[in-house]
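Below: the structure, in structure tokens.
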Amino acid sequence: MTEPIVIVGAGQAGIRAAETLRKMGWEDPIIMYGDEAWPPYQRPPLSKKFLAGELEEEQLLLQGEAFYERNAIEFIPGSRVLEIDPAAHQLDVSGRDSPLKYSKLLLTTGCRPRALAVPGADDTRLETLRTITDVNRIRGKIEHCSRPAIIGGGYIGLEVAAVLQGMGKQVTVLEAQDRLLGRVTSPEVAEFFRKLHGGHGVDIRLNASVIRLETRGKETMIVLDDESEVAADFMLVAIGAIANDELARQAGLHCYDGIMVDELCKAAPDIYAAGDCTRFPLPRYGRSVRLESVQNANDQARAAAQSMLGEGDPYNALPWFWSDQYDVKFQIAGLSDGYDALEMDGDPETGSFSVSYYRDGKLIAVDAINAARAHMMARRTLA
Ligand code: FAD
């Protein structure tokens with residue numbers, strides 16, 4: 001028997017890789033370490049149905065207990081990999097006395113919410129959202145709040161705004177840029193979402209940069225750069241995420257906003273990485289990217305597992321993504337940044353339309369709003 005394949009990080013990518021290794025016939029041990037208390041679970045519902053109380057924790061799990069037993073995957077929850085020694089092929093894990101040897105290592109450490117770096121950000125009314133634990137804590141707080149504020153108008157912030165509005169709260173969204181969803185879509189689609197939220201009664205404030213927080217009794221004053229104030233009794237910071245690449249850095253791996261891997265998902269000899277924590281070359285767009293999506297976590301983890309067993313093809317999957325807000329399903333195929341022309345199909349006023357993005361006359365991405373067929377067709381065309 002050879003040394004185990006060790007997977008660091010028990011999330012979407014970690015479980016997909018473990019499944020793939022077994023499907024491909026790897027018969028030696030697989031050990032998966034996760035620093036959370038749960039086995040791998042889906043994060044998308046955390047800012048949607050789970051936050052709204054429409055799903056139980058068990059319904060989030062990507063695999064039941066039997067799966068780990070049946071596939072002889074040793075999953076160790078609540079343990080953090082602290083250090084990797086690539087030369088010795090071994091790692092240190094919290095709660096373990098001696099280093100653990102590995103034959104191959106897969107890093108699927110994900111990312112974490114970017115913190116709000118302003119005076120007063122240690123306010124106990126301020127939360128971020130990434131894990132089940134976060135949502136359980138947030139739920140306890142929002143139950144009693146009436147004026148929540150969301151700092152950051154990206155997809156997580158807007159999904160949470162929609163859920164809170166649905167609970168009858170008076171929600172304010174503060175976005176530093178002059179439009180919503182700046183990292184995800186075009187001004188045209190962003191405007192649709194601004195109107196959507198406005199129509200539901202959410203107070204959307206653009207060009208609203210938070211410079212400090214001041215606790216005043218039962219509320220916090222969120223002070224903006226024009227010195228105006230917004231009162232809130234709960235705050236969620238949703239201003240993007242940072243790759244968990246410190247472990248890789250410590251091991252001497254090349255990192256730049258994520259663990260740098262090649263097209264075979266390889267970071268160093270016998271060390272691979274997949275999912276939110278990686279920056280990788282994507283030939284179809286001719287550049288390197290770091291993606292935070294279920295699609296990439298799944299597809300790249302499968303690709304990494306194949307590479308680990310010496311059967312990998314260069315990873316070049318089509319990115320796709322979705323977001324749910326109220327009764328709107330927003331689906332993205334491809335990457336639209338860098339587009340030089342767009343074409344709208346349908347009328348945003350009807351609530352169902354799609355936008356095709358082109359660069360040098362070539363289709364690069366399609367956003368579909370309540371237009372599932374357009375999304376599926378776009379995925380076929382772009383693939
Ligand atoms: P993760 O799922 O984050 O897993 C990484 C795990 O590794 C974590 O549990 C982490 O704690 C653990 N870890 C880190 N370091 C160590 C260590 N040293 N030792 C042990 N364990 C470690 N994507 C979509 O496509 N559509 C959506 O609608 C959508 N909605 C989302 C909503 C929310 C609120 C969030 C947070 C994400 C959403 N995403 C969505 C993104 C998607 O969930 C992620 O892209 C996906 O979970 C990434 O999987 P991953 O395995 O790379 O990372």
Side-chain angles (χ1 to χ4, degrees), residues 1-36 39-40 62-63 67-110 243-255 258-280 296-315:
M1 194 164 79
T2 53
E3 305 293 358
I5 287 184
V6 176
I7 300 174
V8 184
Q12 187 87 39
I15 189 73
R16 284 294 167 258
E19 279 171 15
T20 309
L21 289 168
R22 284 293 182 239
K23 273 189 196 145
M24 291 185 66
W26 171 262
E27 288 180 349
D28 287 315
I30 298 176
I31 303 179
M32 182 165 64
Y33 286 106
D35 61 1
E36 293 185 61
L62 286 161
Q63 290 289 359
F67 166 85
Y68 298 90
E69 265 181 49
R70 207 171 49 241
N71 288 283
I73 292 164
E74 192 181 343
F75 162 57
I76 305 175
S79 43
R80 195 167 173 76
V81 174
L82 303 170
E83 208 171 305
I84 303 166
D85 180 344
H89 274 61
Q90 63 185 31
L91 39 84
D92 288 334
V93 188
S94 63
R96 202 190 138 94
D97 295 337
S98 56
L100 175 77
K101 286 267 183 199
Y102 62 82
S103 60
K104 289 197 164 61
L105 187 64
L106 177 66
L107 303 174
T108 52
T109 49
N244 291 327
D245 59 12
E246 292 73 13
L247 186 64
R249 281 176 196 272
Q250 162 276 321
L253 306 188
H254 190 197
C255 297
I259 306 167
M260 307 280 280
V261 294
D262 66 13
E263 65 279 6
L264 292 175
C265 313
K266 194 171 186 173
D270 293 328
I271 304 183
Y272 297 75
D276 284 15
C277 66
T278 63
R279 174 163 286 278
F280 58 95
N296 182 60
N298 283 337
D299 291 344
Q300 200 179 24
R302 287 191 198 100
Q306 288 161 358
S307 292
M308 291 169 97
L309 301 188
E311 294 178 36
D313 287 323
Y315 179 61

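This one's a predicted model, so the numbers in the text were calculated from it and none came from an experiment.
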Going by the rule ring pair (Phe, Tyr, Trp, His ring centres under 6.0 Å), which residues pair with Phe75 if we only count those two or more places apart in sequence or in a different chain?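 Ring pair (Phe, Tyr, Trp, His ring centres under 6.0 Å) check on Phe75 returns Tyr68.
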Distance check, rounded to the nearest 0.5 Å: Met32 atom CE versus Ile7 atom CD1?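 With rounding to 0.5 Å, CE (Met32) is 6.0 Å from CD1 (Ile7).
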Enter the distance from Met308:CE to Met24:CE here, rounded to the nearest 0.5 Å. 11.0 Å
Can you name the residues that form a side-chain contact (heavy atoms from CB on, under 4.5 Å) with [X], not counting sequence neighbours?
| X | answer |
| --- | --- |
| Ala248 | Leu107, Leu253, Cys255, Ile259 |
| Ala87 | Asp85 |
| Pro99 | Gln90, Asp92 |
| Ala304 | Leu106, Cys265, Ala274 |

side-chain contact (heavy atoms from CB on, under 4.5 Å) between Ile73 and Phe67, intermediate numbers included: CA-CA 8 Å; Ile73 292 164; Phe67 166 85; 3.6 Å; yes
State, with a plain yes or no, whether a side-chain heavy atom of Arg16 is found less than 4.5 Å away from one of Leu62. yes
Check: Asn298/Gln12 side-chain N/O donor and acceptor closer than 3.5 Å: yes
Check [X] against [Y] and note the closest heavy-atom contact, atom names and distance.
| X | Y | result |
| --- | --- | --- |
| Ala273 | Val261 | CB-CG1, 3.7 Å |
| Pro86 | Ala251 | CG-O, 3.5 Å |
| Thr108 | Gly14 | OG1-CA, 3.5 Å |
| Asp262 | Leu264 | OD1-N, 2.8 Å |
| Thr20 | Gln306 | CG2-CG, 4.4 Å |
| Gln250 | Leu82 | OE1-O, 4.3 Å |

List the residues meeting salt bridge (charged side-chain N to carboxylate O under 4.0 Å, His left out) with [X], not counting sequence neighbours, and say none if there are none.
| X | result |
| --- | --- |
| Glu74 | none |
| Arg249 | Asp245 |
| Arg279 | Asp257 |

Residue pair Tyr272, Lys266: steps toward the side-chain contact (heavy atoms from CB on, under 4.5 Å) verdict: CA-CA 4 Å; Tyr272 297 75; Lys266 194 171 186 173; 3.8 Å; yes
Could you please spell out the steps behind the side-chain contact (heavy atoms from CB on, under 4.5 Å) verdict for Ile5 and Asp28? CA-CA 8 Å; Ile5 287 184; Asp28 287 315; over 6 Å; no
Kindly state each residue pair satisfying ring pair (Phe, Tyr, Trp, His ring centres under 6.0 Å) with at least one member in residues 78-101, sequence neighbours excluded. His89-Tyr102
Stepwise side-chain contact (heavy atoms from CB on, under 4.5 Å) check, Leu100 with Tyr33: CA-CA 12 Å; Leu100 175 77; Tyr33 286 106; 3.5 Å; yes
Set of residues satisfying side chain to side chain donor-acceptor pair (under 3.5 Å) with respect to Arg96, sequence neighbours excluded: none
Quick note, salt bridge (charged side-chain N to carboxylate O under 4.0 Å, His left out) partners involving residues 301-313, not counting sequence neighbours, are Asp299-Arg302
Does anything in residues 267-276 pair up under salt bridge (charged side-chain N to carboxylate O under 4.0 Å, His left out), and if so which pairs, sequence neighbours excluded? Lys104-Asp270, Arg130-Asp276
Ignoring hydrogens and angles, tell me if any N or O in the side chain of Ser103 forms a donor-acceptor pair with the backbone of Pro4 under 3.5 Å.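 A pair under 3.5 Å: yes.
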Report yes or no: does Arg22 contribute a side-chain atom to a donor-acceptor pair with the main-chain N or O of Ala72 at less than 3.5 Å?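 Flag set: sc Arg22 to bb Ala72 pair under 3.5 Å.
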